[in-house]
Amino acid sequence: MFEVVIGLEVHVQLNTKTKIFCSCATSFGEEPNTNVCPVCLGLPGALPVLNEEAVRKAISFGYAINATINKKSIFNRKNYFYPDLPKGYQISQFEIPIVENGELFININNKTKRIGITRAHLEEDAGKNIHHGDESYVDLNRAGTPLLEIVSEPDMRSAEEAVEYLKKLHAIVRYLDISDANMQEGSFRCDVNLSIRPKGDEKFYTRVEIKNLNSFRFIQKAIEYEVERQIEAWEDGIYEEEVVQETRLFDTKTFKTKSMRGKEDSAEYRYFPEPDLLPVILTKEMLEKGKNIPELPDEKRERFVREYKIKEYDANVITSSVEMARFFEDMIQEGASPKLSVSWLTVELIGRFKGDTTIENSPVDSKKLAKLVKRIEDSTISAKAAKDVLDFLMENDIEVDEAIDKLGVKQVSDDSAILAMIDEILSKNKDKVEEYKNGKEKLFGFFVGQVMKASKGSANPKIVNKLLKERLST
Ligand code: ADP
Ligand code: MG
Ligand code: ZN
């Protein structure tokens, strides 16, 4: 029996307006090599100036994960050659990162598990190499974008735990609004470090690193493949040869990992303190201000359970993203009940999203969905009709009440109208009324059904039930 050991490195692009060491914009999708200057092009003599916003964002992340925030940290040069790295080194942090010894909590099989966060350090992103057939290009727009590299302890024991950790981390940086964490655009990238060991063994075995995974699904698949590869090698007696410290790439077509290069030791990077930057000394003001972080997913979940009396499971789903949590609370603000808001948001609305529709660009906003829920609660429409109304609202930009009118799905809740229908049904079925009064109570359902049918489903069933009972008891 084997145990899997996983530690994750996540590169989060901080959403500052400008780059970490110059004032070029960080905007995504611009013409290649337009957001550049002598500093981020690495021209000789150009000097870096640290972006204070990036430091502030790193501090709030530190508070969010209960970490030590180092009052003094330093930048280092990490030397390596690559075409998208114009200076021939990356400015990063090494011995003294800005954030150390943090933690976050994940939920696995209804148990809370702590995952240690070794460090989070600031560094600059590289540019991008673009390959077209035989030709290769370099776009340096991304060079110098601030990154927070977040390194976990090797505390995860399954693909599931790794994905839960990443989802929690993703939620935290979104809640803090320090990154847009868009995985497709590469602003939240993950390297998986993985080894196996016989269960019960204390020591760690050789790890491989799988680089640059950009979706939760690929991460899951990459881990599954790699675990199997290592176990097989062990069982075939070729573990030593097959599992070596190296960097591997995940092929998104075959779902296999393959060797890319041997793993550098940190010595090969010839780290040394960056002579063009002073140590970073945090002021009291920066630390005090940094403590002002918004409510985070765990606290929000607990508050939702307490305040709105919704189920823990639902609260977990809703707080998994800051946008969904906001949408939910906006619905309640608008007067919808928490219970119906949960299902109409997490099941009905999200279930109708297609393509790249998300909470943020949903054609039905929180106000409209709340109104729809209120129309169920005040019996204007049945829950069943509300589904048709929602279908219609997804396609048409009109008000809820207008849609209800247009579809003609209003419930009849008016006593006299319903009584008229009841009386007609009862007079048509005198024999059955007789039977009912003689004790065949089962027939009640038959009468309800007939009234509903006569109203073409528009009668409010609660009122039909109530009035029928009254009529039949006289
Ligand atoms: P590097 O930059 O060389 O990849 P880091 O210290 O930045 O080194 O990251 C190492 C990562 O590998 C950490 O997330 C750590 O938890 C993880 N790790 C270390 N040893 C093992 C191991 N034996 N098995 C799995 N993960 C490991
Ligand atoms: Mg690594
Ligand atoms: Zn620049």
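Read the numbers this way: they start at 1 and go in the same order the structure lists the ligands and their atoms.
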Sole residue of Lys19, Arg142, Lys87 in side-chain hydrogen bond (donor to acceptor under 3.5 Å, both in side chains) with Glu124: Lys87
Short N or O distance, Tyr205 and ligand 1, threshold 3.5 Å exclusive: yes
N/O separation below 3.5 Å, Pro154 to ligand 1: yes
Stepwise side-chain hydrogen bond (donor to acceptor under 3.5 Å, both in side chains) test for Tyr239 and Glu241: CA-CA 6 Å; Tyr239 178 80; Glu241 299 94 89; over 6 Å; no
Within-4.5 Å side-chain heavy-atom neighbours: Val12 and Ser187: no
Side chain proximity check, Asp401 to Lys371, heavy atoms < 4.5 angstrom: yes
Which of the numbered atoms in ligand 1 are below 4.0 angstrom from a heavy atom of [X]?
X: Glu209; answer: 4 (O)
X: Leu8; answer: 14 (O)
X: Ser152; answer: 13 (C), 14 (O), 15 (C), 16 (O)
X: Val5; answer: 24 (N), 25 (C)

Tyr313: partners by ring pair (Phe, Tyr, Trp, His ring centres under 6.0 Å), with sequence neighbours left out: none
Candidate list Ile150, Ile117, Asn101, test side-chain contact (heavy atoms from CB on, under 4.5 Å), partner Ile65, passing option: Ile117
Protein N/O/S atoms closer than 2.8 Å to the Zn ion (ligand 3): Cys22 SG, Cys24 SG, Cys37 SG, Cys40 SG
Region of Val151 engaging ligand 1 - heavy atom pairs below 4.0 Å: side chain
Per-residue contact class, Asp155 against ligand 1 - non-hydrogen pairs under 4.0 Å: neither
Pair listing, side-chain hydrogen bond (donor to acceptor under 3.5 Å, both in side chains) test, anchored in residues 327-343, at least two apart: Arg303-Glu329, Tyr308-Glu329, Ser337-Glu377
Option nearest atom 20 (N) of ligand 1 (shortest heavy-atom distance, choices Arg207, Glu153, His121): Arg207
All pairs passing ring-ring contact (aromatic ring centres under 6.0 Å, His included) where residues 82-119 contributes a residue, at least two apart: Phe94-Tyr271
Least distance between heavy atoms, Ser321 atom then Met324 atom: OG-N, 3.0 Å
Distance flag, aromatic centroids of Trp234 and Tyr205, threshold under 6.0 Å: yes
